[in-house]
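Reviewing the structure listed below.
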Amino acid sequence: MTADLEPALRRIWADVLDLPEERITSGDSFLALGGDSVLAVRTAALVRRRLGVVLAMSDIRVQDTLADLAAAVRERGSARDGDVPDLKPARRDDPLAPFPLLPLQQGYFVGQQGGWELSYESAHHYVDLGLTGVDGDEAAEALRDALHRLAEHQPALRARILPDGTQRILDPDAPGAIPSPTVHDWRALDAGEAARLLAGLRADMRANGPDPATGPGVDLRLSLLPDGRGRLHSSMSLLLVDGWSSGVFYRDLLAFAADWNTVLAPLDIDFGDYVTAVQGLPETPQWQADRDWWWERLDALPQPPALPVTAEPDTVRARVMRSLETRLAPDRWARVQELCREHGVTASAAALAAYAVALACTAGHRRFLLNSLQLNRLPLHPDVHRMVGAFSSTVLLPIELPEHRTFADLARELQTLTGEALAHNLVTGVEVSRELARRWGTTRPVAPVVFQSTLGVDAAMGSSVPEEAGPLGHIDLTDHRQELRTPQVAMEGRLYEARDELVIVLSLVEELFHAEDVERLFTTFTTLLRSLDTPDGWERTCDLPERLDADGGLRLDARPRASIAQDGGPLRDEVEQAVADCWSELLDLPEDRQLDRAAEFFALGGDSLAAIRMLTRLARSGLPHVTPRAFLAAPTVAGLAAAIREKRGLEG
C-alpha cells in the first residue's frame, strides 16, 4: 500500500521542489532534495488536495524520505485521523460581517494602543524597490489599475479593524474600501533634489504606517525619477499582511501592472472564512492536547536573553526600529545551502543557531527564551497559499546551548527543538505567552527577542516577484530597502532571499541597547553564517559563555507589573460597581462571585486584548476613557475606578 502512494507523492515533491520526477527515489530525504519547513507546508496542502489526507506538521519532517512520507500518509488515512483537526473553511453567510482577530493580530492591535512597552501607533512593514526603464507616461495609471484589481481579488486588502478588536472586510464599492496609490513625479528635478525628496518620503513611510482602524491598511506610492528610473514604495499594516502575503501582493500586483488582460484564478474562500474556521480549534482534542503539552512545560521555560540595556523598556518611546543589513552573494549562499543539506539541517535551522550563539555571547549565558515568527498557514484549503492575510503566528523556543559542541551539532539540536515545538503549533506562541505572563505576574512582553526566516517562501508559493512589470519597467530586487516596526519586540534577527542572494537583517529598538553590543552581536551573527560556506565552519567548536543562566545585572525580561497598594474589601461606590460589573461580564465570571475592590484584572483571567475591550466598553457606557497606560499602573477594580474619577475631575 505504501509503495502505491509513492508515485503520487513523488509528483507532489517534484512540483514543490521543481525537480524532475525521475530524480526522486524512495530513499531520498526531503531536505537533501532542497526542501525546508516552509515547503513542507505546501507539501501538506497538496497531499490534502490530491490525496484527501490531512497531515499534521509532525508528519512531514524535513529529514524524512519519500518512503517515510508515504508511510505517514498511509497511517493518517486510516488509524490516526483523530490526531488532526478536520476544519473545513466555507463561505460565510455574510462575507462583510465582523470576525475575530487571530492571536498575533491581537498582539499587534494591542501594541498600537500605546499602553504597553515598546508600542507604536502602527505596526507595519516598509519596502521600496528599484525600477529601471520606467514608462513615466503610463506607469501611474498602470499601478492604479493594478492595485484596484488586486484589492477586488484579495478581500483582506479591504479589511478594517474595529475598536472592539474584531475585523471586517468592506464591500469593494464602499467608500474608501479600495486603496489608491500616490504618485510623485520628480523626473524634472536634478539628482540632488530628487534624492532629498526620496529620503524624506522614506523617512515618513518608515515612521508613519497605515492603520486599518482608520483607513486602508496599504500605503502604496510610486516615485518617478530622472533617466527612466523609479521606486515603488509600500507600507503595509502587519494587522493585514504577513511575510508570505507580501510576496503574494507584489507577485500579483506586478502581474496586473504588466498586462491589462491578466486574469487571476478566483479565490473560493477569503481570509474571513479561514479565520472563522480556525475559531473551532479550541474545541478540538488536538488543540487541547497541544495546550496541555505547552502548559506542562511553562514553569520550566527560561526568561529572554539578558541583553545589556541602557534604559528600562517602559521608559523608551521609539518612533522607528534601526536595521543593520548585509548580504551573501548568490555563489556563496548556494555553497552554504549545499553544506546545510550535507549536514542534515535546513538553512533556517543553521541561521537560528548562528543567531542563538550571537545572543548567548552578548548576554553572557546559554539558556534563554526566543520568540520565532512562523508562516502559520494551516493547509485547510487549496487556496490558503494564494491568499493575502495576517496568517502568521509565533512559537516560543527554550534555547539551551551546550558547551564544547560543533556548530553542526548545535544546528541539528535547534532543528530538533524547533520541529518539536512546531509539532504542537495549534496553540500559538501568543497564547502561550499570555499564560506565561499570567504565571510570572507581568504585563511586560515575555519574549521580546525574535527570530524570523522566510527562506523558501518563493518556492512554496510556486512563483516569485517578476523581473518585468510593463510600464513600471524592470524590477531590481538587488536594489531594495526594507524596514520593520513591530510592537513588543526589542530585537529581531531575520533572513530572506532577494533573487538568489541571502539578506541578513537585525532590527532593534536602538534606544534600548549599547551601540557596541549591537555591532558585536551582528558581527558574530553574520560571521558565523558566512563561515558556513566551508566544511571548517561547520566543524568549528563554538565559543560560548560558561554560565547557563543570567547572573544578575539589568535585564530585558519579565518584571512584575506595577501596581499601587489598594485596600481590599467591598466595593465603595457606583464607579467601582460599574468596573466590577464590566469585568464580571467580559471575563465570564460566575454570577455569584462578588469582586473585592482589590481584585486584579489579569489574575482574574484577563489579557491585553480583553483589557482594550474593557476600557472601550466602559467608555461607551458614559464613563471617562482611561488610557491603557493609566490602567496598567493599577489594574485592580479600585485602581481603575480611581483613574476614572481622576479623569472625570479633569474633564469637569
Side-chain angles (χ1 to χ4, degrees), residues 38 40-49 52 54-57 84-109 150-162 165-172 212 217-218 236-249 252 264-284 286-287 290 373-395 422 425-431 457 460-462:
V38 177
V41 175
R42 190 174 180 218
T43 298
L46 290 178
V47 168
R48 178 171 185 149
R49 181 176 185 177
V54 181
L55 294 174
M57 289 306 300
V84 181
D86 189 16
L87 301 175
K88 297 179 180 178
R91 284 290 187 185
R92 294 176 295 146
D93 293 337
D94 180 2
L96 306 182
F99 56 98
L101 298 174
L102 290 177
L104 189 56
Q105 287 181 293
Q106 296 172 13
Y108 291 144
F109 173 72
L150 182 58
E152 288 185 325
H153 175 65
Q154 293 283 359
L157 296 177
R158 309 192 305 270
R160 297 292 186 273
I161 308 300
L162 305 180
T166 60
Q167 58 191 320
R168 66 184 295 258
I169 292 170
L170 300 184
D171 185 275
V218 175
M236 292 189 278
S237 170
L238 299 179
L239 280 158
L240 303 187
V241 176
D242 60 11
W244 183 302
S245 297
S246 180
V248 174
F249 175 88
D252 293 351
L264 300 179
L267 296 167
D268 291 333
I269 62 168
D270 65 24
F271 184 61
D273 302 325
Y274 174 92
V275 173
T276 300
V278 299
Q279 294 310 298
L281 274 175
E283 306 304 319
T284 66
Q286 297 86 5
W287 185 92
D290 280 3
L373 192 65
Q374 299 292 325
L375 302 172
N376 190 40
R377 295 183 178 230
L378 299 179
L380 306 181
H381 188 280
D383 284 344
V384 167
H385 74 284
R386 298 197 298 122
M387 291 163 50
V388 168
F391 293 86
S392 288
S393 68
T394 58
V395 62
L422 290 177
N425 70 326
L426 297 182
V427 176
T428 70
V430 173
E431 294 164 294
V457 166
M461 289 194 304

Student check: side-chain heavy atoms of [X] and [Y] closer than 4.5 Å:
X    : Y    : answer
V395 : N425 : no
I269 : M387 : yes
H153 : L267 : yes
L281 : L87  : yes
Q106 : V430 : no
V427 : W287 : yes
L102 : V275 : yes

- Salt bridge flag under 4.0 Å for residues R91 and D270: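 D270 and R91: salt-bridged.
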Separation of [Y] [atom2] from [X] [atom1] (nearest 0.5 Å):
X    : Y    : atom1 : atom2 : answer
N376 : L426 : CG    : CG    : 8.0 Å
L264 : Q154 : CG    : CD    : 8.0 Å
L104 : L238 : CG    : CG    : 8.0 Å
D383 : R377 : CG    : CZ    : 11.5 Å
F109 : L162 : CZ    : CG    : 8.5 Å
Y108 : L239 : OH    : CG    : 8.5 Å

Minimum-distance pair of heavy atoms, taken over all atoms of [X] and [Y]:
X    : Y    : result
Q167 : I161 : CB-CD1, 3.8 Å
P212 : G217 : CB-CA, 4.2 Å
A97  : R92  : O-NH1, 2.9 Å
R158 : A151 : NH1-O, 2.6 Å
T428 : P103 : OG1-CB, 3.5 Å
L96  : R168 : O-NE, 3.4 Å

* Asked: Step by step, would you call D242 with S245 a side chain to side chain donor-acceptor pair (under 3.5 Å)?
  -> CA-CA 5 Å; D242 60 11; S245 297; 2.7 Å; yes
Donor-acceptor contact below 3.5 Å, side chain [X] vs main chain [Y]:
X    : Y    : result
Q105 : S392 : no
Y274 : L378 : yes
Q374 : S393 : no

F271/V388 under side chain to side chain contact (heavy atoms under 4.5 Å, CB included): CA gap, chis, key distance, verdict: CA-CA 7 Å; F271 184 61; V388 168; over 6 Å; no
